[in-house]
*Asks:* 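Dumping the structure here so I can ask a few things about it.
Because only heavy atoms are used, hydrogens play no part in the values below, and waters and symmetry mates are left out as well, while side chains stay in.
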Amino acid sequence: METDETPRVLPFQLQFDKPVASQIKFAEWNPEKDLLAMVTEDSKILLHRFNWQRLWTIFPGRCITSLCWRPDGKAIAVGLEDGTISLHDVENGKLLRSLKSHTVAVVSLNWEEDGQVIKDDSVNNSTYEDRTSRFFPPAPRVPRMPGLAPGDTGFMDDSEDSFRELSNSSYQRFNILCSGDRDGSICFSIFGISPIGKINIHNLSIPTPFATEPTTYRLSHASISKVALSKDLCHLIVMCSGELNHDEVESAERQLGTHGFQCLLLDTSIFWKRKNELHQVAQQASNIEDLIEVIRTSLSVMSKQWKDAMHTFREKFDSLSRLIIDHGLDSSPQEEFLSLLGGARTSPPVHQFLVNSLGELGVKRVSKVVCGAGKELQHVVLDHLQPAAEIICFRMGELRGLSRWRTRFQGIGLDETLINNATEKSGILLAQVERFMRVLSSVVQQFSNFFNWLLKCIKLLMQEPSDQLLPYNSELVVIFLKFLYDQDPVKPFLELSEVDIETEMETVQRVKELVHFGGFSDCEYLRRTLAEEFKQLESSFKEAFLMPFTTISRKMLCKDVLPLFALPSSPASVSVTVPMSVTYYKDASPGFIDYISFQIPGDSSSNIANCIGISRGFMHSLSNRIDESSSLEAILLSVPDGYHCVDLSLYKDGQIVLLLNETTDASESSGESCMMIVQANELPFVSISRFSCVNTWNLDQLKDSVMHLQLENEKVRNIPHSVVAPLAVSASRGVACVFAARKRALVYILDEDEDDASDTE
């Protein structure tokens, strides 16, 4: 009804109201750019600009279960149903890296960088300089299989440098990608590409530091909902559901605790204390892993190319054996060719084979295939495999030097013995590459000489001039027929084989004597193939880098647990979806304070249902244990009557954004909703006592001091649609994206001045 009064200005300006093709299940704003990444119900990833222009769409082919951005906004991490984490380039959605750290669905991702900003940003970054570029050209790329178009192999094009930028972490601020899966495992990766630790919340010994009689507990039937690293990387908050049981009682005799929602605090200070050391190790390890992939693919490409070439050769020349048998001769193709080379009269089968079956064109075709494959193998070695092996040797030398600095690097598990072993294996691989090149060059030369001789023979048999043909060496033809015609000395180098390569005892003895002068201690490498050497190299690297991984994993311990609210004991409650948000705000004192917000489900066994819980100071509550006080504070916000919370998100400056749906018995299309901002840091928080039993749900202490939210008293915007999760809020841009149940996306500006707002009620 219109009045003469000035219309009331709405608090949020509606910027866009756009249709979406499919319902959205995840949405995240880019932390640095006006970009919104969305995941549809059919697991497609859409990237839109703020003006709703779509930049790209990708389909990983598997169900997407989580999503988060790298802190600089240049890459996006995608958690998949099968436990894979894929990293994609923000510019075009190209796959940059895949990590298989989990075995089940990745349900939560959090990518955090070191928030301890120093005035001199060069000091804030690691002081470590990667010296590889001083001595080597850019690292080789993974070779492509011949005959495939660019992109068919899944590798990056030569013109794209996103993958290099992802791997080159020299000038990035130290950051950690944290991922939690459905079975309770939490993995940590430096720069999102170098795994550095893994824990499982079921195996954690959970203390109760504020209990009257401190004891330890363990979680059972736990399911992770959210993981969040602090800005200084010293703490990890884990939101999960599960049962807390006494650790001292045998599992068969335990009395099951009350199933509920828990908040765990893990000590991850090793990341902050050793960030420079971890940066250096991760830089080398991630680049070595990339180079190992180059070598692995190079060997695969080379093996296929040579196998195809030899198949073509055998396919043509095996017909000579059948012709000899058909003519009733008791000889071999080699003997027939040697007889021809010696000037004897050409036998009928050889004449028929050379003139009719093979012919001049056939020889040229087979020669082109075999010699061309040999040259391609040489190019792969020179352009990919050998440069990768050389850079690996250099990087292992760098790690070897770091491992000898025991006071700094022994604490993160960089073992000198294991690094020395891996360094030697990298040197042996390089020696094997040079050995393979000599063998390959000799084989290709002898094949080429053999084919030149065959062309000469065919010309003579057909009584055609042969002056224009290339010359050949008769001695090399004899060697080829005796040792190469029915054997393949190249193939064993490229495939794993149990047959040792024959080596002269004199050579083995000389290699053993070189050990006293700094030579390889492993003298058996002369009997191994190139593929076997690579397998040993890969195994030694895994063993060397597993030690830091294990060491860091053991140093991440659970420090505290905060039981929040009880859940029904029904099996369905294990997978209950609870809207929640964890954010770290700058505190008045140097450092950060945590804000944890969550909805208490309506079917909760607690009597505080349909409330929003907010706690702050959980990660600092242990610091006040000595003076028998707790810095943990909390408050319960009662959702207005007639509404229920769909989703929530902590916003900047201690604000919380609530997305509320109207509770109605009518159809979904007739429902309405609203978006509300509450100034959380101005709420009357109540101090929570921590000296109670761990099975006591702490928020029950607040049931008598619940604060009731009133729509008329808060900053509220009505939405003429029924809405669904997720609520995507960008603190850096001051915008929120809301998704209606009718497959529409509504973008609101949260931070505009009221005088500039154009929407009125």
Side-chain angles (χ1 to χ4, degrees), residues 15-16 26-39 45-58 66-79 85-97 109-122 124-126 160-179 189-193 228-233 275 279 581-586 592 649-653 655 657 726-737 745 747-752:
Q15 189 72 12
F16 294 108
F26 302 110
E28 292 284 345
W29 288 97
N30 188 297
E32 296 294 331
K33 303 177 182 179
D34 291 328
L35 301 173
L36 177 64
M38 297 172 287
V39 177
I45 307 176
L46 317 176
L47 186 70
H48 283 247
R49 292 188 185 277
F50 179 70
N51 61 8
W52 214 246
Q53 174 193 1
R54 184 180 298 186
L55 297 182
W56 46 258
T57 302
I58 59 175
S66 53
L67 187 77
C68 81
W69 286 97
R70 196 169 80 171
D72 62 3
K74 294 181 179 180
I76 188 168
V78 180
I85 301 174
S86 59
L87 307 182
H88 296 265
D89 183 18
V90 65
E91 297 295 333
N92 47 32
K94 287 279 189 177
L95 177 65
L96 301 176
R97 178 74 69 92
L109 288 169
N110 176 235
W111 207 333
E112 199 64 59
E113 68 180 3
D114 180 19
Q116 297 294 326
V117 180
I118 302 177
K119 292 182 179 179
D120 184 3
D121 196 58
S122 63
N124 190 48
N125 292 335
S126 174
E160 297 173 350
D161 296 323
S162 302
F163 184 78
R164 293 184 188 275
E165 185 178 349
L166 180 73
S167 300
N168 183 14
S169 53
S170 297
Y171 303 104
Q172 289 185 39
R173 183 177 293 170
F174 186 75
N175 60 71
I176 299 286
L177 173 62
C178 179
S179 55
S189 300
I190 300 177
F191 304 114
I193 58 177
L229 273 170
S230 61
K231 298 291 184 182
D232 57 6
L233 308 181
K275 60 183 176 182
H279 187 155
S581 181
V582 180
T583 305
Y584 301 88
Y585 295 120
K586 195 74 176 177
F592 299 88
S649 176
L650 284 163
Y651 188 43
K652 60 184 179 181
D653 301 327
Q655 297 176 331
V657 181
L727 166 66
V729 176
S730 172
S732 60
R733 301 305 179 200
V735 294
C737 185
V747 178
Y748 293 92
I749 297 178
L750 302 180
D751 286 347
E752 89 285 356

*Asks:* So L750 and V729, do their side chains get closer than 4.5 Å, heavy atoms only?
*Replies:* yes
*Asks:* Which pair of heavy atoms, one from W69 and one from W111, lies closest together, and at what distance?
*Replies:* O-CB, 3.4 Å
*Asks:* Check for a donor-acceptor pair, side chain of D89 on one end and backbone N or O of K94 on the other, with a separation under 3.5 Å.
*Replies:* no
*Asks:* Report the residue from H279, K275, K231, R173 that forms a side-chain hydrogen bond (donor to acceptor under 3.5 Å, both in side chains) with D114.
*Replies:* K275
*Asks:* Which heavy atom of Q15 sits nearest to which heavy atom of I749, and what is that distance?
*Replies:* OE1-CD1, 3.1 Å
*Asks:* Rounded at 0.5 Å granularity, tell me how far CD1 in I193 sits from CG in L87.
*Replies:* 8.5 Å
*Asks:* Do I76 and V90 make a side-chain contact, defined as non-hydrogen atoms from C-beta onward lying under 4.5 Å apart?
*Replies:* no
*Asks:* Write down the atom of G192, the atom of N175, and the distance for their closest heavy-atom approach.
*Replies:* N-OD1, 4.2 Å
*Asks:* Only counting residues at least two apart or in another chain, list the ones meeting salt bridge (Lys or Arg N to Asp or Glu O under 4.0 Å) with E28.
*Replies:* none
*Asks:* So do K586 and F592 actually touch side chain to side chain, heavy atoms under 4.5 Å?
*Replies:* yes
*Asks:* Just verifying a value: how many Å separate I45 CD1 and M38 CE, rounded to the nearest 0.5 Å?
*Replies:* 11.5 Å
*Asks:* Which class fits the ring pair F174 and F191: parallel under 30°, tilted 30 to 60°, perpendicular over 60°?
*Replies:* perpendicular
*Asks:* Distance-only, no hydrogens or angles: does the Y584 side chain make a donor-acceptor pair with backbone N or O of A228 under 3.5 Å?
*Replies:* yes
*Asks:* In the structure I gave you, are the side-chain heavy atoms of L35 and R49 within less than 4.5 Å of one another anywhere?
*Replies:* yes
*Asks:* Please name the pair of heavy atoms, one in K652 and one in A731, separated by the smallest distance, quoted to 0.1 Å.
*Replies:* CD-O, 3.4 Å
*Asks:* If I take atom SG from residue C178 and atom CG from residue L233, how far apart are they, to the nearest 0.5 angstrom?
*Replies:* 10.5 Å
*Asks:* Could you state the interatomic distance from CZ (F50) to SG (C737), rounded to the nearest 0.5 Å?
*Replies:* 9.5 Å
*Asks:* Please round to the nearest 0.5 Å and tell me the distance separating atom CG of L229 and atom CD of E113.
*Replies:* 12.0 Å
*Asks:* Can you name the closest pair of heavy atoms from L109 and V78 and give their distance?
*Replies:* CD1-C, 4.0 Å
*Asks:* Is S581 close to V657 at the side-chain level, that is, under 4.5 Å between some pair of heavy atoms?
*Replies:* no
*Asks:* Nearest 0.5 angstrom please: W29 CH2 to S732 OG, how far?
*Replies:* 9.5 Å
*Asks:* Please enumerate all residues that pass side-chain hydrogen bond (donor to acceptor under 3.5 Å, both in side chains) together with S86, with sequence neighbours excluded.
*Replies:* H88
*Asks:* Could you check if a side-chain atom of L177 sits within less than 4.5 angstrom of a side-chain atom of I85, using non-hydrogen atoms only?
*Replies:* yes
*Asks:* Taking the side chain from W56 and the backbone from L47, do they hold a donor-acceptor pair closer than 3.5 Å?
*Replies:* no
*Asks:* Short question: side chain of R733, backbone of P31 - any donor-acceptor pair under 3.5 Å?
*Replies:* no
